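Nothing here was measured: the structure is a model prediction, and the numbers come from that model.
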Amino acid sequence: MSSRLLEMEERATQTGPKGVINDWRRFKLESMDHENLPPAKRELLRQMSSPDKPKDESRATMNRKMSVQEYELLKEEDEVCLKKYRKQCMREMHEKLSFGPKFEGVHELDSGEAFLEVIEKEHHSTVVVVHIYKVGVKGCEELNNCLACLATEYPTVKFCRIDAVASGAGERFSDDVLPVLLVYKDGELLGNFLACTQHLNQEFFAIDVETFLNSYGLLPEKELPALADEDENNVE
């Protein structure tokens, strides 16, 4: 087989079953604790990690040799390593699927212009939740606190709040219709909830607001939880 064909084959195996196996091999080698390995195994690892392959060995022979060496070297840590590899793959997949910007906390809008700007200029995939409130109106402070909690769980959602007077439309938002929740995406109004706390219990929490919004399909899928602690606990 010519060197050109060998090169093409190596590129082709970056995806599919062979590519997955090679990625798994590489991950296992890189995750080994080199310092605590016995000298014999450390030497095997050095040979397996070396980019210089003996010229007199065929690809098939090298693959068989690698498989035996890996089994001898890594069989004790396979379960631990597999969980770490799965965690890494999940994280990478999630990063690839997480489009758009991320946010922290609840953003205070100080004017009607800022309100319009966040609706019209935000990323097209971003859900924008706006709380219109007034200090002293029942339920407004509690809802602000709930949205601050949800902001930590939904970093791809932009949570905002604006005082009814500062919005420039205070006459439209009298105390009896507050608090108001507005939900936008790509400039389109998806949810308009006047006196929204009437849909909640007298004493409500972040999970109640989350359930309410989800009942209308207004929140995206949650961010994947941190897998590191969970996997480490399972391994132990």
Side-chain angles (χ1 to χ4, degrees), residues 87 90-170 172-173 175 177-231:
K87 176 186 68 177
M90 290 288 288
R91 182 179 294 112
E92 291 175 352
M93 178 181 69
H94 182 63
E95 288 174 354
K96 291 178 181 178
L97 296 177
S98 295
F99 302 109
K102 294 188 177 183
F103 310 92
E104 294 182 0
V106 179
H107 300 256
E108 184 77 35
L109 306 177
D110 57 8
S111 66
E113 290 75 16
F115 173 70
L116 292 175
E117 183 173 350
V118 77
I119 293 170
E120 297 173 354
K121 296 186 178 181
E122 197 49 70
H123 191 277
H124 66 86
S125 69
T126 297
V127 173
V128 179
V129 177
V130 181
H131 171 210
I132 301 177
Y133 70 96
K134 185 182 292 184
V135 176
V137 173
K138 184 180 179 181
C140 287
E141 182 178 357
E142 292 83 352
L143 186 56
N144 277 333
N145 294 334
C146 291
L147 295 182
C149 293
L150 292 181
T152 65
E153 299 187 36
Y154 294 90
T156 60
V157 175
K158 187 164 188 176
F159 291 92
C160 305
R161 67 180 188 178
I162 184 169
D163 185 279
V165 176
S167 71
R172 295 179 53 192
F173 299 111
D175 292 1
V177 302
L178 296 177
V180 173
L181 271 183
L182 305 176
V183 184
Y184 296 86
K185 185 176 181 181
D186 198 17
E188 180 183 355
L189 179 64
L190 303 181
N192 180 12
F193 306 104
L194 304 178
C196 61
T197 52
Q198 69 181 351
H199 302 288
L200 306 169
N201 295 327
Q202 186 171 359
E203 185 179 15
F204 61 91
F205 303 94
I207 190 171
D208 301 310
V209 178
E210 178 184 25
T211 300
F212 171 70
L213 292 173
N214 275 329
S215 69
Y216 290 90
L218 296 174
L219 292 177
E221 291 293 327
K222 271 189 179 180
E223 290 283 279
L224 286 179
L227 300 176
D229 293 340
E230 179 183 346
D231 283 347

**Q** Rounded at 0.5 Å granularity, tell me how far CG in Asn144 sits from CD in Glu108.
**A** 7.5 Å
**Q** For Leu109 versus Phe115, what's the shortest heavy-atom pair and its separation?
**A** CD1-CA, 3.8 Å
**Q** Are Leu181 and Leu143 side-chain neighbours, meaning at least one heavy-atom pair lies under 4.5 Å?
**A** yes
**Q** To the nearest 0.5 angstrom, please state how far the CG atom of Leu213 sits from the CG atom of Leu190.
**A**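 That separation rounds to 11.0 Å.
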**Q** How close do His107 and Glu104 get, counting heavy atoms only, and between which atoms?
**A**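 Distance-wise, the nearest heavy atoms are NE2-O, 3.6 Å.
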**Q** Mark yes when over 12 heavy atoms from residues, nucleotides or ligands other than Leu194 sit less than 6.0 Å from its CG; otherwise mark no.
**A**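 Atom CG in Leu194 is crowded, with more than 12 foreign heavy atoms closer than 6.0 Å.
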**Q** Considering non-hydrogen atoms only, spot the tightest contact between Val127 and Pro220 and give its length.
**A**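 The answer is CG2-CD, 4.5 Å.
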**Q** Give me the atom names and distance for the closest heavy-atom approach of Leu178 to Ala164.
**A**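 So the two residues come closest at CD1-CB, 4.2 Å.
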**Q** Phe193: which residues meet the ring-ring contact (aromatic ring centres under 6.0 Å, His included) condition with it, sequence neighbours left out?
**A**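 In terms of ring-ring contact (aromatic ring centres under 6.0 Å, His included), with neighbours along the sequence ignored, Phe193 is linked to Phe212, Tyr216.
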**Q** Give me the atom names and distance for the closest heavy-atom approach of Val128 to Val130.
**A** CG1-CG2, 3.8 Å
**Q** For a quick test of reading the model, state the closest non-hydrogen atom pair linking Ile162 to Ser111 and the distance between them.
**A**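 That closest heavy-atom pairing would be CD1-O, 3.4 Å.
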**Q** Any side chain to side chain donor-acceptor pair (under 3.5 Å) pairs touching residues 179-207, not counting sequence neighbours?
**A**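 Found none.
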**Q** Would you call the rings of His131 and Tyr133 parallel, tilted or perpendicular if under 30° counts as parallel and over 60° as perpendicular?
**A**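 Rings of His131 and Tyr133: tilted, 30 to 60°.
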**Q** Measuring only between side-chain heavy atoms, which start at C-beta, is Val118 closer than 4.5 Å to Lys158?
**A**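 Yes, at least one pair of side-chain atoms sits under 4.5 Å.
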**Q** What distance separates Phe159 CZ from Thr152 OG1, expressed to the nearest 0.5 Å?
**A**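 One gets 9.0 Å once the value is rounded to the nearest 0.5 Å.
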**Q** Can you confirm whether Leu147 sits close enough to Arg161 that some side-chain heavy atom of one is under 4.5 Å from a side-chain heavy atom of the other?
**A**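 The answer is no, as the side chains (C-beta and beyond) never meet within the 4.5 Å cut-off.
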**Q** Applying the side chain to side chain donor-acceptor pair (under 3.5 Å) criterion to Tyr154, which one of Lys222, Glu221, Glu210 satisfies it?
**A**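 Of the listed residues Lys222, Glu221, Glu210, the side chain to side chain donor-acceptor pair (under 3.5 Å) partner of Tyr154 is Glu210.
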**Q** Using modelled atom types and a 3.5 Å cut-off, is there a donor and acceptor pairing between side-chain atoms of Asn145 and backbone atoms of Glu142?
**A**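 A pair under 3.5 Å: no.
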